[in-house]
Amino acid sequence: RSDRVSLQRQGRDPKSLMADAYRQIDAAFSRPPSGTTPVLEKFQNSILSNQQIYIARWFFGDGVPDGGLMAIQEITKLLVNRPNPEMNP
């Protein structure tokens, strides 16, 4: 799946922002799980591609990532040792 939810405040009050967040998340999960779970690759790409902006990431998965335990360990290292943690909470 290539679903991506992107939330930006854009001057909205918290209630409007949360309503938009719920709408986008519900839409992304309206389809059942399918295909593979390339979590490590997605996180690597996101961290490398977004080093100069403030960004928070949430991951919603439906199973074990591709690569199993080895991928889980690499994901953990990547998140713990990410560059610019103040810009990547």
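Keep in mind that this is a model prediction, so the values were computed, not measured.
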Handout entry: Interatomic spacing from OG in Ser49 to CD in Gln44 - rounded to 0.5 Å
Key = 11.0 Å

Handout entry: Arg23 bridged to Asp20 by N-O distance under 4.0 Å
Key = yes

Problem - Single-linkage hydrophobic cluster, 4.5 Å side-chain cutoff, Leu48 and Ile75 together - result: no

Exercise for the section: Check whether any side-chain N or O of Asp13 sits under 3.5 Å from a backbone N or O of Lys15 as a donor-acceptor pair, and report yes or no. Expected result: yes

Practice task
Could you tell me the separation between the CZ atom of Arg4 and the NZ atom of Lys42, rounded to the nearest 0.5 Å?
Solution key: 6.5 Å

Exercise for the section: Say whether, by atom type as modelled, one donor and one acceptor occur between the side chain of Arg12 and the main chain of Gln8 under 3.5 angstrom. Expected result: yes

Practice task
Indicate, with yes or no, if Ile72 and Leu78 share a hydrophobic cluster defined by side-chain heavy-atom contacts under 4.5 Å among Ile, Leu, Val, Met, Phe, Trp and Tyr.
Solution key: no

Handout entry: Single-linkage hydrophobic cluster Leu79~Met87, side-chain heavy atoms < 4.5 angstrom
Key = no

Handout entry: Residues, nucleotides or ligands: over 12 heavy atoms within 6.0 Å of Arg9 CZ
Key = yes

Handout entry: Phe29 side chain near Val5 side chain, heavy-atom distance below 4.5 Å
Key = no

Exercise for the section: Give the C-alpha distance, both sets of side-chain angles, the deciding distance and a yes or no for side chain to side chain contact (heavy atoms under 4.5 Å, CB included) between Glu86 and Asn84. Expected result: CA-CA 5 Å; Glu86 64 280 353; Asn84 299 324; 3.8 Å; yes

Exercise for the section: State, with a plain yes or no, whether a side-chain heavy atom of Asp66 is found less than 4.5 Å away from one of Leu40. Expected result: no

Practice task
Check whether any side-chain heavy atom of Gln73 lies under 4.5 Å from a side-chain heavy atom of Leu69, and answer yes or no.
Solution key: yes

Practice task
Indicate the atoms forming the closest heavy-atom contact of Thr37 with Val64, along with that distance.
Solution key: CB-O, 3.8 Å

Problem - Which residues share a ring-ring contact (aromatic ring centres under 6.0 Å, His included) with Tyr54, sequence neighbours left out - result: none

Practice task
Give a yes or no on whether the backbone of Ser46 and the side-chain of Asn50 come within a donor-acceptor separation of less than 3.5 Å.
Solution key: yes

Problem - Verify same cluster id: Ile55, Leu7 (apolar side-chain graph, 4.5 Å) - result: no

